[in-house]
Engineer: 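Below are the structure tokens for one structure; questions will follow.
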Amino acid sequence: MKKTFFLFTLSILILSCNKQKESSNPQKTNEFAIIIHGGAGTILKKNMTPEKEAAYKAKLKEAITVGYNILKSGGTSIDAVEKTIHIMENSPLFNAGKGAVFTHNETNEMDASIMNGKNLNAGAVAGVTDVKNPISAARKVMTNSNHVLLSGKGASIFAKEQGLEIVEPSYFFTEKRFKSLQKIKEKEKTALDHNSKSAFYDPEIKDSKFGTVGCVALDKKGNITAGTSTGGMTNKRWNRIGDSPIIGSGTYANNKTCGVSSTGWGEYFIRTQVAYDISAQMEYQNKSLKEATKDVIQNKLTKLGGTGGVIALDKNGNMSFEFNTAGMYRASMDNEGELIIKIYKN
Ligand code: ASP
């Protein structure tokens with residue numbers, strides 16, 4: 001009797017293991033792959049010149065090619081993500097590093113984060129004003145400290161001690177971002193004259209352009225890394241921190257599921273835990289990457305009133321762009337080197 005019971009239990013166990021194997025789809029779409037974004041928002045063809053469009057596409061291509069080459073030659077997804085983000089941080093086109101937006105006090109305060117899907121280690125910085133490449137500071141926090149998130153002056157001191165490049169805050173000045181701040185302040189003044197809330201909470205924010213940058217990579221060893229870097233939102237004040245340095249909101253990576261980088265109205269991404277929720281839906285509900293990203297962005301985030309999008313890449317090399325705005329600067333490359341670059345919805 002005991003023996004029959006033992007055999008019965010064993011066969012149930014074997015059956016359920018097989019079922020799990022099937023549903024987790026061991027088939028790899030790509031041995032390695034990389035996906036990036038340069039922000040989502042009201043990006044419309046009618047407001048774009050051919051030169052501007054070409055400049056964005058060229059920079060996205062330059063950035064993703066750097067990461068792709070690292071992965072192709074057997075490098076780590078951590079290196080691929082960091083070096084790819086450097087290219088976008090060093091360009092004035094994106095709201096990160098050199099192109100960071102201005103705060104209400106006419107300064108630039110940057111946030112960044114990175115996460116390693118192999119061991120769930122993560123690092124982030126918030127409100128840094130003089131670190132040339134905030135994503136590198138985030139990486140140092142992840143690898144060379146006992147912490148996950150450092151902020152403000154302390155984060156800068158740490159970055160300097162780690163040998164990272166520190167620049168004068170004026171390095172981050174760009175005419176275009178300064179003008180955008182003045183325009184918003186003008187609107188804010190009018191709004192305040194009419195006794196309404198400050199422009200930072202103006203419902204028009206939902207139509208903003210969010211120029212944050214992000215990258216997710218899967219390397220040949222099956223390790224996923226995700227990273228995000230931003231200047232935050234124009235006219236932010238009171239040392240506001242968005243979703244980009246928040247692990248689980250702006251960035252998440254887990255080798256068991258996927259890696260995600262977000263861009264959009266940060267407060268909503270924090271409230272919905274966008275990046276972690278995508279991973280959790282895959283882990284606990286056995287959803288595909290596409291199903292999980294679609295539910296979180298088009299259903300949960302949208303219902304709450306949030307705007308923006310994500311890039312995501314799963315452990316089998318499947319990739320997904322999902323956003324509820326008119327456009328998102330984005331690109332992907334699979335292990336064959338096939339490059340996709342897009343800006344608008346279709
Ligand atoms: N998510 C960023 C923030 O709220 C903004 C962006 O994506 O551009 O700080």
Side-chain angles (χ1 to χ4, degrees), residues 36-43 56 60 85 88-89 91-104 107-114 124-129 134-135 138 149 151-152 172 174 176-177 180-181 184 199-216 226-252 260-276 278 296-297 301 304-312 321-330 343:
I36 62 174
H37 71 75
T42 316
I43 309 165
Y56 273 104
L60 288 169
I85 289 184
M88 294 191 278
E89 282 181 336
S91 161
L93 290 176
F94 306 101
N95 171 20
K98 176 68 189 155
V101 297
F102 280 88
T103 67
H104 185 76
T107 58
N108 309 94
E109 292 174 4
M110 288 151 287
D111 308 328
S113 64
I114 193 163
V125 291
V128 292
T129 56
I135 193 68
L149 174 57
S151 71
F172 298 103
T174 55
K176 184 180 126 193
R177 300 295 189 199
S180 304
L181 173 69
I184 291 191
F200 190 67
Y201 294 102
D202 193 306
E204 275 182 41
I205 279 184
K206 77 176 182 354
D207 296 323
S208 302
K209 274 188 211 112
F210 306 108
T212 292
V213 306
C215 177
V216 186
T228 311
S229 181
T230 190
M233 287 170 82
T234 307
N235 200 32
K236 65 183 182 181
R237 60 182 103 180
W238 308 302
N239 299 115
R240 176 263 185 190
I241 293 167
D243 61 313
S244 307
I246 308 296
I247 298 301
S249 304
T251 299
Y252 195 74
V260 181
S261 168
S262 315
T263 175
W265 189 348
E267 279 69 11
Y268 287 89
F269 280 71
I270 294 173
R271 290 166 60 198
T272 41
Q273 285 294 289
V274 163
Y276 177 71
I278 291 168
V296 172
I297 299 299
L301 182 81
L304 214 63
T307 49
V310 292
I311 50 164
F321 302 109
E322 195 68 53
F323 52 98
N324 65 3
T325 49
M328 177 160 84
Y329 297 108
R330 60 200 190 277
I343 297 178

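Quick note: residue numbers are just sequence positions, from 1. Because only heavy atoms are used, hydrogens play no part in the values below, and waters and symmetry mates are left out as well, while side chains stay in. Note that ligands are numbered from 1 as they come in the structure, with each ligand's atoms numbered from 1 the same way.
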Engineer: Below 4.0 Å from any atom of ligand 1, is there a heavy atom belonging to G264?
Structural biologist: yes

Engineer: Any non-hydrogen side-chain atom of S229 less than 4.5 Å from a side-chain atom of M88?
Structural biologist: no

Engineer: Counting N and O atoms only, with roles assigned by atom type, does the side chain of S113 sit under 3.5 Å from a partner on the main chain of S244, one being a donor and the other an acceptor?
Structural biologist: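 Flag set: sc S113 to bb S244 pair under 3.5 Å.
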
Engineer: How are the rings of Y252 and Y276 set to each other: parallel, tilted or perpendicular (split at 30° and 60°)?
Structural biologist: perpendicular

Engineer: What is the closest protein heavy atom to atom 6 (C) of ligand 1, and at what distance does it sit?
Structural biologist: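 Of the protein heavy atoms, T212 OG1, 2.6 Å lies nearest.
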
Engineer: Please determine if G232 has a nitrogen or oxygen closer than 3.5 Å to a nitrogen or oxygen of ligand 1.
Structural biologist: no

Engineer: Using a strict cut-off of 4.0 Å, indicate which atoms of ligand 1 neighbour a heavy atom of D243.
Structural biologist: 1 (N), 2 (C), 3 (C), 4 (O)

Engineer: Give the atoms of ligand 1, by number and element, whose distance to some non-hydrogen atom of S244 is under 4.0 Å.
Structural biologist: 1 (N), 2 (C)

Engineer: Can you name the residues that form a side-chain contact (heavy atoms from CB on, under 4.5 Å) with V274, not counting sequence neighbours?
Structural biologist: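 Only S262, F269, T272, I278, V296, I297, L301, V310 meet the side-chain contact (heavy atoms from CB on, under 4.5 Å) criterion with V274.
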
Engineer: Hey, is R240 one of the residues with a heavy atom under 4.0 angstrom from ligand 1?
Structural biologist: yes

Engineer: Please could you name the atoms of ligand 1 that T263 approaches to less than 4.0 Å, counting only its heavy atoms?
Structural biologist: 6 (C), 7 (O), 8 (O)

Engineer: Under 3.5 Å, side chain of D111 to main-chain N/O of I246, donor-acceptor pair present?
Structural biologist: no

Engineer: List ligand 1 atoms under 4.0 Å from M233, heavy atoms only on the residue side.
Structural biologist: 4 (O)

Engineer: Quick one: side-chain contact (heavy atoms from CB on, under 4.5 Å) partners of T103, sequence neighbours excluded?
Structural biologist: N105, T107, E109, K236

Engineer: State, to 0.1 Å, how close T42 and A326 come at their nearest heavy-atom pair, and which atoms those are.
Structural biologist: CA-CB, 4.2 Å

Engineer: Is the shortest N/O to N/O distance between D111 and ligand 1 below 3.5 Å?
Structural biologist: no

Engineer: List ligand 1 atoms under 4.0 Å from G211, heavy atoms only on the residue side.
Structural biologist: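 Matching atoms, with element in brackets: 8 (O).
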
